[in-house]
Amino acid sequence: MSQLSSKHVIGIEHLTVDDIQLILSTTTRFKEIINRPIRKVPTLRDITVANLFFENSTRTRISFEIAQKRLSADIVNFSSSSSSVKKGETLLDTVNNILSMKVDMIVMRHPSPGAAHYLSKRIDANIINAGDGTHEHPTQALLDAYSIKEKIGDLEGKKIAIIGDIMHSRVALSNIFCLKKLGAEVTLCGPPTLIPKHISSLGVKVMHNVDEALQWCDVANVLRIQLERQNTKYFPSLREYALYFGINRQRLEKLNKEIVIMHPGPINRGVEITSDVADSAHSIILDQVENGVAIRMAVMYLLANKQD
Ligand code: CP
């Protein structure tokens, strides 16, 4: 297979296993290219991409932009704080106006779950979801899967624990879909208040004891407590959260094995993970960021080459 099954990447839920495998294998080719002395290729020379960020981002925004530059695309960057959205313009009007200027592809982060799906039903351009509220963050899950595979090999049968604020995390949901499709076993761990009640229907285990989850897994993907999405108190204090669920050196030293540590960022050091773990030899946090550029190059290349 040399084409994606869809002209958009809205979520991992809607990608086939073949789509995911194609993106991962294409990523390896782009990773090789961006590590050459001349890192730029003309692949997207005639394509204009608009990066629409209606919510804050460091990694995803810069990673997409670098990926576009490496592929020689023309780029327009939009941030809602300095746009006519502030004057009451709708999302669809904003996007249709941008598309009138002959934009071919949209990368969008939006606080509303479903925003990318909504647009995909109303416009012709390719859309890549760069995170829609608490719903999905597909390129993050792809770069996570790629980074795990790079570190410990094929995901089939590997045990991945996702630890932290599952309830408010688009990274968790996209990771669950992606890892399950690639044959991994997934356990979610966190306080009961931060794990959705019926999540086990997605074929994942749930644990509330972080030491048991660490003992079970080959890889721990540690998530941030998303205070900005919490309008009620889900646990007594950050200090207590760190005590019961924080990943620290003492916890890892108690294990009778070594595990891989991941985090999608941004990190709250001293809350969900301590600096000695985040910066340790077991951590692949910066490899994840590095791989994000090649993953996004692969996704944009494959979408631009999709025949209807
Ligand atoms: N991992 C991630 O999505 O980070 P940003 O919010 O900085 O883009």
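Predicted, not measured: the structure shown is a model, and the values here were computed from it. When a ligand or atom number is given, it counts from 1 through the structure's own listing order.
Counting non-hydrogen atoms of other residues, nucleotides and ligands closer than 6.0 Å to CD of Glu253 gives a total above 12. Other residues, nucleotides and ligands contribute over 12 non-hydrogen atoms within 6.0 Å of the NZ atom of Lys257.
We find that Asp279 and Arg269 are joined by a salt bridge, their nearest charged nitrogen and carboxylate oxygen being less than 4.0 Å apart. Arg251 has a carboxylate O that lies under 4.0 Å from a charged side-chain N of Asp211, or vice versa, which qualifies the two as a salt bridge. In summary, Lys151 and Asp287 do not engage in a salt bridge, as defined by a charged side-chain N under 4.0 Å from a carboxylate O.
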Can you give me every donor-acceptor pair (side chain of residues 93-101, partner residue at least two apart or in another chain, under 3.5 Å) with its distance?
| unit_1 | atom_1 | unit_2 | atom_2 | d |
| --- | --- | --- | --- | --- |
| Asp93 | OD2 | Thr90 | OG1 | 3.3 |
| Thr94 | OG1 | Glu89 | OE1 | 2.8 |
| Thr94 | OG1 | Thr90 | O | 2.9 |
| Asn97 | ND2 | Asp93 | O | 2.6 |
| Ser100 | OG | Asn96 | O | 2.8 |

Which protein N or O atoms sit under 3.5 Å from any N or O of ligand 1? Give each pair with its distance.
| unit_1 | atom_1 | unit_2 | atom_2 | d |
| --- | --- | --- | --- | --- |
| ligand 1 | 1 (N) | Gln140 | OE1 | 3.1 |
| ligand 1 | 1 (N) | Pro264 | O | 2.8 |
| ligand 1 | 1 (N) | Gly265 | O | 3.3 |
| ligand 1 | 3 (O) | Thr60 | OG1 | 2.9 |
| ligand 1 | 3 (O) | Arg109 | NH2 | 3.0 |
| ligand 1 | 3 (O) | His137 | NE2 | 2.9 |
| ligand 1 | 4 (O) | Arg59 | NE | 3.0 |
| ligand 1 | 6 (O) | Arg109 | NH1 | 2.8 |
| ligand 1 | 7 (O) | Thr58 | N | 2.8 |
| ligand 1 | 7 (O) | Arg59 | N | 3.0 |
| ligand 1 | 7 (O) | Arg59 | NE | 3.1 |
| ligand 1 | 7 (O) | Arg59 | NH2 | 3.0 |
| ligand 1 | 8 (O) | Ser57 | OG | 2.6 |
| ligand 1 | 8 (O) | Thr60 | N | 2.9 |
| ligand 1 | 8 (O) | Thr60 | OG1 | 2.6 |
| ligand 1 | 8 (O) | Arg109 | NH1 | 3.3 |
| ligand 1 | 8 (O) | Arg109 | NH2 | 3.3 |

